[in-house]
Amino acid sequence: MERLLYLATTDESGGLSHASLEALSGACELAAALGDADLIVGLIGAETGAGAEAVGGCGAARFLAVEGEEFGASRYSTDAAAATALVEAAEATVVLAAATSRLNRALPGVAQRVGGGIDTEVTAVAAVDGAPQVQRWYYRQRMVARVGREQRPWFILLSPGVYQAWDGTAASAEVETVTADLPEVRTRVEGLEAAAAGTQAIRPDANLLFVAGAGWTKKQKDGAAHVDRAEALIKGLLDKTSASLGSSKSLVEQSGEGQEVISFMTHMNQVGQTGSTPRHSKGLATCCHGEEPHVVGWRFINERRAINLDDNCGWAHGKADVLYVADAFEVLEELVKLL
Ligand SMILES: Cc1cc2nc3c(=O)[nH]c(=O)nc-3n(C[C@H](O)[C@H](O)[C@H](O)COP(=O)(O)OP(=O)(O)OC[C@H]3O[C@@H](n4cnc5c(N)ncnc54)[C@H](O)[C@@H]3O)c2cc1C
């Protein structure tokens with residue numbers, strides 16, 4: 001019989017993030033599919049009470065927590081120690097968690113410590129003949145495979161944006177406190193500062209993917225380009241929404257061609273066939289034509305919208321759910337004001 005441990009870190013208020021609640025849906029689905037598996041909840045954080053209560057009605061047999069000030073911030077040494085203690089206390093055979101940047105970083109090392117195996121970027125879980133299987137994409141998301149493993153414990157990091165967030169009823173939960181063996185902690189977290197530029201604007205956990213295309217740097221209706229204004233508008237939107245910033249290939253390639261460019265855009269932002277294939281529940285493409293090599297990177301964006309002056313652009317050909325035929329400068333100006 002499998003023992004499923006659902007692992008999550010709590011936020012400053014002790015609650016659980018959207019991505020964590022999505023992973024809980026995945027864990028509940030796998031537990032139900034396996035039929036006779038025990039589901040155990042394991043939480044890590046400065047405070048975990050609110051999180052335990054929020055998921056108290058999920059049907060878990062046990063609720064475990066590693067709690068304390070030192071577990072509040074994302075830090076490999078403390079996160080890995082806490083997760084190891086929870087896996088051991090639960091005697092877990094399968095560990096499911098959201099593929100947040102925090103757990104993506106800590107759990108591979110934990111799998112190594114406890115002699116287990118790990119699969120990341122998992123997009124579905126299932127039970128086949130009473131054994132768990134995961135779905136993963138390979139070869140730049142062109143091939144999909146179902147994978148099973150004999151090795152236990154098996155760690156499964158579920159990609160955000162795959163499951164609906166768990167929205168069952170809250171209930172009080174009897175939480176067992178687990179003590180983690182802390183190594184000497186050398187890294188002190190002094191605070192969090194949100195960066196709005198460079199790779200820091202790539203936020204896998206964000207609800208919204210905001211894509212900028214080359215149109216932002218093209219001549220506009222007054223016959224001139226307005227790259228500074230474009231940059232300010234995009235930055236304004238990112239500041240207000242904490243969206244993840246994506247780009248078309250044409251836009252990120254302009255810097256190599258000596259053109260005036262959006263300063264915080266790099267090749268890391270490129271979405272598409274030769275770029276990334278991010279996962280977000282919503283996407284908004286602006287000043288981007290919506291050509292196939294770009295849109296192929298949108299296959300895991302659930303709800304797609306685009307703003308383009310051209311009512312015959314690629315998005316209009318069935319690639320977006322909604323196309324706003326409008327000037328993106330004007331729309332963003334208004335949007336930032338409203339936000
Ligand atoms: C092998 C190969 C691999 C490729 N891989 C990728 C990839 O990974 N990712 C990728 O993105 N591309 C990729 N491409 C390139 C892709 O085919 C397109 O050339 C590219 O996506 C076009 O970028 P764009 O839409 O930003 O620019 P453009 O095609 O120049 O489109 C600009 C758009 O902005 C609109 N616009 C201008 N001003 C405004 C305004 N004020 N308001 C609203 N709209 C406005 C215009 O109407 C136009 O539609 C690849 C191509 C090949 C051949």
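Worth knowing before you read on, the calculation uses all heavy atoms, side chains too, and leaves out hydrogens, waters and symmetry mates. Order of appearance sets the numbers: ligands from 1, and atoms from 1 within every ligand.
Classified by interplanar angle (parallel below 30°, tilted 30° to 60°, perpendicular above 60°), the ring pair His294/Trp315 is perpendicular.
Sequence neighbours left out, the pairs with a member in residues 70-81 that pass side-chain hydrogen bond (donor to acceptor under 3.5 Å, both in side chains) are Ser74-Arg105, Arg75-Thr78, Asp79-Arg102.
Partners of Asp222 under the side chain to side chain contact (heavy atoms under 4.5 Å, CB included) rule, at least two apart in sequence or in another chain, are Gln220, Ala224, His226. Checked against salt bridge (Lys or Arg N to Asp or Glu O under 4.0 Å), Arg304 has no partners two or more places apart in sequence or in another chain.
No salt bridge links Glu174 with Arg62; every basic N to acidic carboxylate O contact stays at or beyond 4.0 Å. Taking a cutoff of 4.0 Å between a charged side-chain nitrogen and a carboxylate oxygen, Lys319 and Glu291 do not qualify as a salt bridge.
At a 4.0 Å heavy-atom cut-off, the residues surrounding ligand 1 are Gly213, Ala214, Gly215, Lys218, Gln220, Ser248, Lys249, Ser250, Gln270, Val271, Gly272, Gln273, Thr274, Gly275, Cys287, Cys288, His289, Glu291, Pro293, His294, Ile307, Asn308, Leu309, Asp310, Ala326, Asp327, Ala328, Phe329, listed by chain and number.
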